[in-house]
Each structure stands twice: as C-alpha cells, then as structure tokens.
Amino acid sequence: MRLLVLLLLLLLFFSPIFAVDFLYNSFSGVANLTLINDARIDNSVIRMTNNSNQFSFGRAFYPTKIRMKPSSNSTNILSFSTSFVFSILPEISTSPGFGLAFVLSNTTSPPGAFASQYFGLFTNATIPTVYPLLAVEFDTGQNLFNDPDDNHIGIDLNNIESKKTKSAGYYNSTGGFVPVRMRNGQNVRAWIEFNGTNLEINVTVAPIGVSRPIRPTLTYRDPAIANYVSAEMYVGFSASKTNWLEAQRVLAWSLSDTGIARDINTTNLPVFEPESSSSSLSAGAIAGIVIACFVFVVICASGYFLWWRHKKLKEEEDEIEEWELEYWPHRFSYEELNLATGEFCKDHLLGSGGFGRVYKGNLPNNTEIAVKCVSRDSKQGLREFMAEISSMGRLQHKNLVQMRGWCRKGNELMLVYDYMPNGSLNKWIFDQPKQPLDWEHRRRILTDVAEGLNYLHNGWDQVVIHRDIKSSNILLDSDMRGRLGDFGLAKLYQHGEILNTTRVVGTLGYLAPELATVAAPTSASDVYSFGAVLLEVACGRKPIETSAPEEEVVLIDWVRELYAEGKAIEAADPRIKGEYNVGEMEIVLKLGLACCHPDPLRRPTMKEVIALLVGEEVAAAPSELLSELARGDSDVVLGGGGDEDLGEAVPLQTVARVRSK
Ligand SMILES: *[C@@H]1O[C@H](CO)[C@@H](O)[C@H](O)[C@H]1NC(C)=O
Ligand SMILES: *[C@@H]1O[C@H](CO)[C@@H](O)[C@H](O)[C@H]1NC(C)=O
Ligand SMILES: *[C@@H]1O[C@H](CO)[C@@H](O)[C@H](O)[C@H]1NC(C)=O
Ligand SMILES: *[C@@H]1O[C@H](CO)[C@@H](O)[C@H](O)[C@H]1NC(C)=O
Ligand SMILES: *[C@@H]1O[C@H](CO)[C@@H](O)[C@H](O)[C@H]1NC(C)=O
Ligand SMILES: *[C@@H]1O[C@H](CO)[C@@H](O)[C@H](O)[C@H]1NC(C)=O
Ligand SMILES: *[C@@H]1O[C@H](CO)[C@@H](O)[C@H](O)[C@H]1NC(C)=O
Ligand SMILES: *[C@@H]1O[C@H](CO)[C@@H](O)[C@H](O)[C@H]1NC(C)=O
Ligand SMILES: *[C@@H]1O[C@H](CO)[C@@H](O)[C@H](O)[C@H]1NC(C)=O
C-alpha cells in the first residue's frame with residue numbers, strides 16, 4: 001500500500017517533466033515565446049509579419065520542444081491537443097492572401113523555406129521531402145498547388161502541396177456545413193486534435209461565439225504522418241507575406257499533451273475587424289449611435305464630395321506629371337490601351353513573365369501591338385527608370401523588338417511594343433513544338449540575335465547591357481527573323497531595390513558565374529547568356545533539365561565534357577540530325593562553349609561572335625582566341641589546357657545556391 005502511494009507520488013512528481021499544458025489567454029507578459037524574424041508581440045497578441053517590409057515572414061514557437069515520442073528510438077508517437085484564436089485581416093479584401101499555419105517542426109528555421117511565401121515554411125517544390133515538419137494551414141490565398149479556394153484549411157507534410165484540404169467552416173448541430181470567412185479579420189477559433197496512436201489529425205474551426213462543433217471540419221488519417229514526426233518538436237505558428245498587406249494575429253493559445261487543451265476564455269479578446277459591431281446596448285445608446293452615424297455619414301459625404309471635386313479638378317494636370325513629358329516620343333493614353341486590349345481581358349493575354357503580363361492589342365489603324373504591364377510597388381525609382389527606358393526607346397535595330405511608346409497609370413507602367421506574331425524562340429525549340437524548327441532557321445535566328453545584341457553593346461554611344469538574354473526573350477517576327485525583346489527591363493527591378501542589397505537579376509541557367517560574386521553585369525555576362533542560348537538552340541533543350549540523367553542536367557557542363565572527349569557533336573539536337581552541316585554545328589557548339597567560358601575576359605565579344613556565325617572567321621577574326629577556336633583548338637575553350645582553369649569553372653548549381661539565399 002505504501003509502495004503504491006510512493007509510486008503514485010513518484011508518477012505525479014515525474015510526469016510533469018515532459019508534460020506540457022499551457023493556456024495563454026493573452027500574450028501580455030509572455031516574454032518566453034521564441035519569436036523568429038518579423039514575429040512580435042504587439043498589444044498582447046502575436047503579430048506574425050511586418051507591414052513595413054515588402055517581404056516578410058515570422059514564426060512564433062513555444063520556447064521548448066514538446067515530446068512527440070517516449071524516447072528517440074521509439075516508433076510510438078504521442079498525442080496532443082491544442083486550441084487557439086486567430087485573426088487574419090488583409091488591407092484590401094480582394095488582394096491575394098497568405099494566411100497562417102500552425103506548425104510542428106524539428107527546428108525553428110526549416111531549411112530552404114521561402115522568406116515571403118508559403119507560410120515562411122516551404123519552398124515551391126512539390127516533390128515531397130521527408131523531414132520532421134508538419135503544418136495545418138489556414139490559407140487565405142489560392143495558389144497553384146491544388147488549393148480549392150482562397151479560404152481553406154489543409155494538412156501539409158513538409159510540402160506546400162497539401163495532403164488534404166477543406167473549405168473553412170464547421171458542421172452545426174444538425175449536420176449542416178456553415179462556411180467561416182477567415183480573411184475578414186474576425187476572430188476564429190481553431191481546435192486541433194493530434195492522435196499519435198492512430199496517426200490522425202482533426203481540425204475544427206468556428207467563429208468566436210459558436211461553441212465547439214462536435215464534428216471536426218477536417219479529419220486526416222495517414223500512417224505517413226509518422227515520417228514527419230521526430231522525438232521532440234517545436235510547436236507554434238508561422239506566416240509570411242509579399243507586397244500585399246495582411247495582418248495575421250494569434251490572440252490566445254492553449255495546448256496540452258496529456259489531455260484536452262484548456263478552454264480559452266474569449267470574452268475579452270480584442271477585435272480587429274474593419275468595422276466592429278457591439279452587442280448588448282440600450283435603446284438610448286442605439287438611438288444615439290444612429291444619430292451619430294447619420295451626422296458622420298453627412299460629414300463624410302460632403303468631405304468626399306469636396307475631395308472628389310478637388311481630385312477631378314487636379315486630375316488633368318496630375319495625371320501626367322511634368323517630368324513624364326520630358327521623355328519619350330509617344331505617350332499612349334490609358335483609354336487607348338484599354339480599348340486596344342479589350343480592357344486587358346483574358347483573351348488578349350499573351351503570357352505573363354517575370355516582369356509582368358503581356359497583352360495583345362489592336363490600334364484603331366489596325367496595327368497590332370503587344371502591351372507589357374509592369375507593376376510597381378511604388379513610384380519610387382520610376383522616374384530614373386523612365387530616363388533609362390526613354391533612351392532605350394531610341395534604340396532602333398531590325399533585330400530588336402521595337403518599342404512604340406508607353407503609358408503610366410498610378411504605379412503601373414505599360415510598355416507598348418510591336419507585336420511579334422510567331423511568339424518566342426523557346427516555343428519553337430523545346431516547349432513541345434509541333435514541328436521543331438529546322439537548322440537553317442535556327443542558324444539565321446542566332447545570327448539575328450547576335451546582331452541585335454552587338455547593336456546594344458556597340459551600336460550606341462553608351463553600352464547597353466541586356467541582362468536577361470534567354471530564348472523566351474527572343475521573339476520571332478512574321479518572317480521568322482529573330483528579335484531581342486525586354487532590353488533594359490531588368491534595370492527597372494534594380495532601381496527599386498534597397499541600397500546595399502544586391503540581387504542578381506536574370507534567369508537561372510543563363511547567368512554568368514561571376515554574377516554570383518560580383519552582381520555587376522557586363523557585356524561579357526550578356527555574352528555568357530547568349531552562349532547558353534547558342535547551346536540550347538543547337539542541342540534542342542533547356543540549359544537546366546532536371547529530368548535528364550545527372551551528368552546531363554546542366555547543359556553547359558555536359559557539352560563541355562563531351563567536347564573535352566572530342567565528341568561534342570553528340571550533344572546536337574537529334575531531331576534535326578541530317579539537316580545540319582556537321583562543320584557548322586560544331587562551330588556553333590564550340591562558340592557556345594567559348595561564350596560560356598568561366599573567365600569573362602576570355603569570352604569573345606559580340607563582334608567576334610557574329611564574324612564566326614556568318615562564316616567570315618578568317619577575314620574578320622582578329623583575336624587569337626577566335627582563330628584558335630576556328631582551328632578547333634580545344635585548349636582555348638577549356639582555358640589554357642591546364643587543370644587549374646577547369647577547376648575554376650563555377651558550376652551553375654553554385655549560382656543557384658547563392659541566388660536562393
Ligand atoms: C520561460 O520558460 C522557462 C523554460 O521553459 C521557464 O523556466 C520560465 O519559468 C518561463 N518564464 C515565464 C515568465 O513564463
Ligand atoms: C518592421 O520592419 C522595419 C524595417 O525592417 C523595422 O524598422 C520596424 O521596427 C519593424 N516594425 C515592427 C513593429 O517591428
Ligand atoms: C536506441 O536503440 C539502440 C539500438 O537499436 C540502443 O543501443 C539504444 O540504447 C537505444 N536508445 C534508447 C534511448 O532507447
Ligand atoms: C532534429 O533536430 C535535432 C537537433 O535539434 C537533430 O539532432 C536531429 O537530427 C533532427 N532530426 C531530423 C530527422 O532531422
Ligand atoms: C519555384 O521558384 C523558382 C524560383 O523562385 C522558380 O524559378 C520556379 O519556376 C518555381 N517553380 C514552380 C513550380 O513554381
Ligand atoms: C445548420 O446549417 C444548415 C445549413 O447550413 C441550416 O440550414 C440549419 O438551419 C443549421 N442548423 C442549426 C441548428 O443552426
Ligand atoms: C487515440 O486513438 C486511440 C484509438 O482510437 C484511443 O484509444 C486513444 O485514447 C486516443 N488518444 C487520445 C489522446 O485521444
Ligand atoms: C476525429 O474525428 C473523428 C470523427 O468525428 C473521430 O471519430 C475521431 O475520434 C477524432 N479523432 C481525434 C484524434 O480527435
Ligand atoms: C472570462 O473572463 C471574464 C473577464 O475577463 C470573466 O468575467 C469570466 O468569468 C470568465 N469566464 C470564465 C468561464 O472563466
């Protein structure tokens with residue numbers, strides 16, 4: 001009997017070592033949470049992101065890990081129960097949303113997480129990686145990864161692609177499903193039951209004021225959960241945002257790993273709705289409020305009218321700012337472009353790339369145009385960029401896509417170009433073309449582009465660096481001649497950057513290795529990108545092909561290897577075998593490698609490239625490099641023939657790593 005009492009006492013004494021059972025009805029005075037990056041405690045609630053930062057993420061964790069397995073070896077998984085109240089309030093109700101996630105993770109900084117998206121927890125990779133990280137998302141945005149809508153909950157096993165999703169809502173006492181809007185700021189309570197024995201997660205959500213529904217909103221049961229649980233894990237919340245403002249808050253939180261989480265007292269929680277409504281009020285107070293509201297509305301209406309008149313009057317002069325008139329030959333009116341593109345409707349959408357959407361338009365005189373909409377967060381930097389782009393507009397060459405004019409509306413800039421009926425080069429080479437382009441066309445287009453780029457580098461009083469040469473920026477006109485598009489646009493994005501943060505502008509696979517260390521693009525880095533285009537056109541595949549065998553993933557490395565073994569020709573596009581002259585193909589491949597030389601100083605200039613492409617190498621190739629290259633001297637491409645030079649070559653993967661930081 002005594003022994004039993006002692007045992008009980010011992011149990012009571014020792015069990016709390018692992019047991020976690022807390023209730024934060026507010027976070028005031030809780031100095032103990034582990035707050036990562038932008039998360040902070042603000043007026044006794046957890047605020048996950050920071051509106052002043054364009055890109056922001058934050059995580060808040062309970063300070064110690066909770067035990068999820070009895071011992072590190074064990075295959076048994078423990079259970080827990082948690083409940084919390086959150087509020088998600090976007091500044092603009094129709095803007096893209098982000099939401100927040102309840103997370104169970106082995107670390108407070110999950111490796112590879114994107115800093116501004118996917119709850120600050122995941123990459124955009126949809127290939128599942130087993131790692132102890134499990135999240136329940138309360139998602140207020142619809143992304144491309146199978147999200148059903150912009151207001152749902154989901155179970156994420158270390159992957160942005162949810163294992164199971166369900167629109168936010170709850171089942172009422174008669175079994176009817178009542179939707180719950182999570183992105184209007186209202187306080188929403190969530191309950192999560194995690195049963196480690198069954199490997200089952202139940203999630204329930206309901207607005208404050210609704211008592212806990214019996215049937216959970218979502219039940220997920222999967223033995224695979226075990227792979228995402230480690231012996232001890234941090235538990236907490238994570239959220240992120242990009243340009244759009246969204247306040248994600250956690251107001252109260254309870255958790256227990258020994259029983260049901262304690263009930264949160266919701267009576268005095270703050271409310272963050274855009275407009276709050278009060279409950280029990282006397283008739284007098286209501287009458288007072290009605291009168292006050294009426295007076296308020298009258299004041300607002302007259303205020304608005306005055307403001308509107310002021311704005312209307314100012315609009316004509318304000319619409320076009322003075323400095324805008326200094327630039328550019330032609331400024332389109334927004335109405336003109338709106339009309340030409342059918343109000344920027346979907347049917348006119350040609351594509352959307354890194355710099356914005358492109359629409360096809362028809363001017364009243366039947367000229368076809370392409371309108372590129374470049375969205376900016378602020379007007380800052382726009383003016384400098386205009387100066388830049390207006391000089392770009394004076395660049396004219398048969399191998400450049402001609403810019404016809406521009407238009408600005410608010411922070412949105414619209415650039416008007418000639419329409420290119422045959423689309424971009426990548427569609428003709430590797431994006432599953434119906435009929436891959438023949439060799440004669442390929443060669444001609446490469447020469448065209450080389451001439452366009454040479455004009456940018458040498459044909460103007462200042463050297464213009466393109467910065468983003470790739471096959472999707474090479475457009476084909478009605479005669480199937482190649483033209484370079486998007487020149488100068490990369491600059492726009494750098495002007496907007498904060499000083500001292502250097503971001504590499506360009507596209508992976510085409511970026512010169514030196515840009516990983518010195519982010520100052522030069523004409524030599526353009527030559528590198530052009531080299532990548534030469535190789536992809538000759539080989540008929542993308543510069544980085546993740547599905548290829550390992551040694552072939554990075555096109556440049558693969559061709560370089562084949563070249564070293566004296567069989568570069570094996571890299572040529574098999575679909576056009578027999579069409580090409582082997583000598584010509586070899587020159588293009590070699591030239592591609594020379595352009596991609598790791599040392600920028602040893603790359604040929606665009607003048608030299610053209611000379612070689614049009615076959616004037618003997619007459620017009622002044623440099624030692626080219627004449628050696630024309631003789632097929634392998635030392636040139638590999639750099640002096642020594643192993644040291646080979647060792648210097650920076651593989652593209654290095655660039656990828658540097659860039660994703
Ligand atoms: C903070 O956490 C530590 C360890 O988890 C605990 O010992 C301490 O009492 C906590 N302090 C507060 C103020 O909750
Ligand atoms: C948000 O971030 C800015 C800049 O990074 C910082 O100055 C500011 O203090 C932060 N705001 C809050 C409330 O933490
Ligand atoms: C884990 O398992 C290994 C062998 O399987 C054993 O040697 C070790 O003592 C175990 N550790 C614990 C904490 O159970
Ligand atoms: C979990 O984190 C611990 C250190 O905090 C580490 O030793 C362990 O390897 C991690 N587990 C996994 C599966 O990554
Ligand atoms: C993932 O992100 C990278 C870089 O941000 C981007 O290049 C890539 O296209 C994205 N992949 C998908 C599937 O969205
Ligand atoms: C439950 O929800 C359904 C449909 O959403 C509704 O028709 C029904 O009246 C609700 N029942 C109760 C008891 O609220
Ligand atoms: C988990 O489920 C099992 C089987 O239904 C049940 O026996 C056990 O009590 C549950 N555990 C918790 C903590 O609810
Ligand atoms: C989850 O919900 C189902 C259905 O209501 C229930 O049978 C199960 O016991 C619940 N599991 C947990 C862990 O609460
Ligand atoms: C909830 O808190 C309020 C005041 O903060 C208090 O009056 C009320 O009794 C509490 N309710 C419960 C169930 O504890």
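Counting starts at 1 for both ligands and their atoms, following the listed order. What's counted below: heavy atoms across the whole structure, side chains too, no hydrogens, waters or symmetry copies.
In the vicinity of Asn106, heavy-atom distances shorter than 4.0 Å reach the ligand 4 atoms 1 (C), 2 (O), 3 (C), 8 (C), 10 (C), 11 (N), 12 (C), 14 (O). Taking every heavy atom of Lys65 and a limit of under 4.0 angstrom, the matching atoms of ligand 4 come to 2 (O), 5 (O). With ligand atoms numbered from 1 in the order given, ligand 9 contributes 4 (C), 5 (O) to contacts under 4.0 Å with heavy atoms of Asn268.
Ion pairing of Lys241 with Glu246 is absent here, as no side-chain N (NZ or NE/NH1/NH2) approaches a carboxylate O to less than 4.0 Å. With respect to the salt-bridge test (charged N to carboxylate O, under 4.0 angstrom), the residues Asp38 and Arg59 do not qualify. Note on Asp21 versus Arg262: salt bridge recorded, some NZ/NE/NH1/NH2 to OD/OE distance being below 4.0 Å.
For the pair Lys166 and Phe177, the distance from NZ or CZ to the six-membered ring centre is under 6.0 Å and the angle to the ring normal is within 45 degrees. At least one test fails for Arg541 against the ring of Phe430: distance under 6.0 Å to the centre or angle within 45° of the axis. Annotation: cation-pi geometry not satisfied between Arg249 and Phe86 (NZ/CZ under 6.0 angstrom from ring centroid, within 45° of ring axis).
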Taking a 3.5 Å cut-off between nitrogen or oxygen atoms, can you list every pair linking ligand 6 to the protein, with distances?
residue	atom	partner	partner atom	Å
ligand 6	2 (O)	Asn172	ND2	2.3
ligand 6	5 (O)	Phe177	O	3.4
ligand 6	11 (N)	Asn172	ND2	2.9
ligand 6	11 (N)	Thr174	OG1	3.0
ligand 6	14 (O)	Asn172	ND2	3.3

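Contact analysis leaves Ser230 out of contact with ligand 4, as no non-hydrogen atom separation drops below 4.0 angstrom.
Contact detail for Ser254 and Thr82: the closest heavy-atom pair is O-OG1, 2.8 Å.
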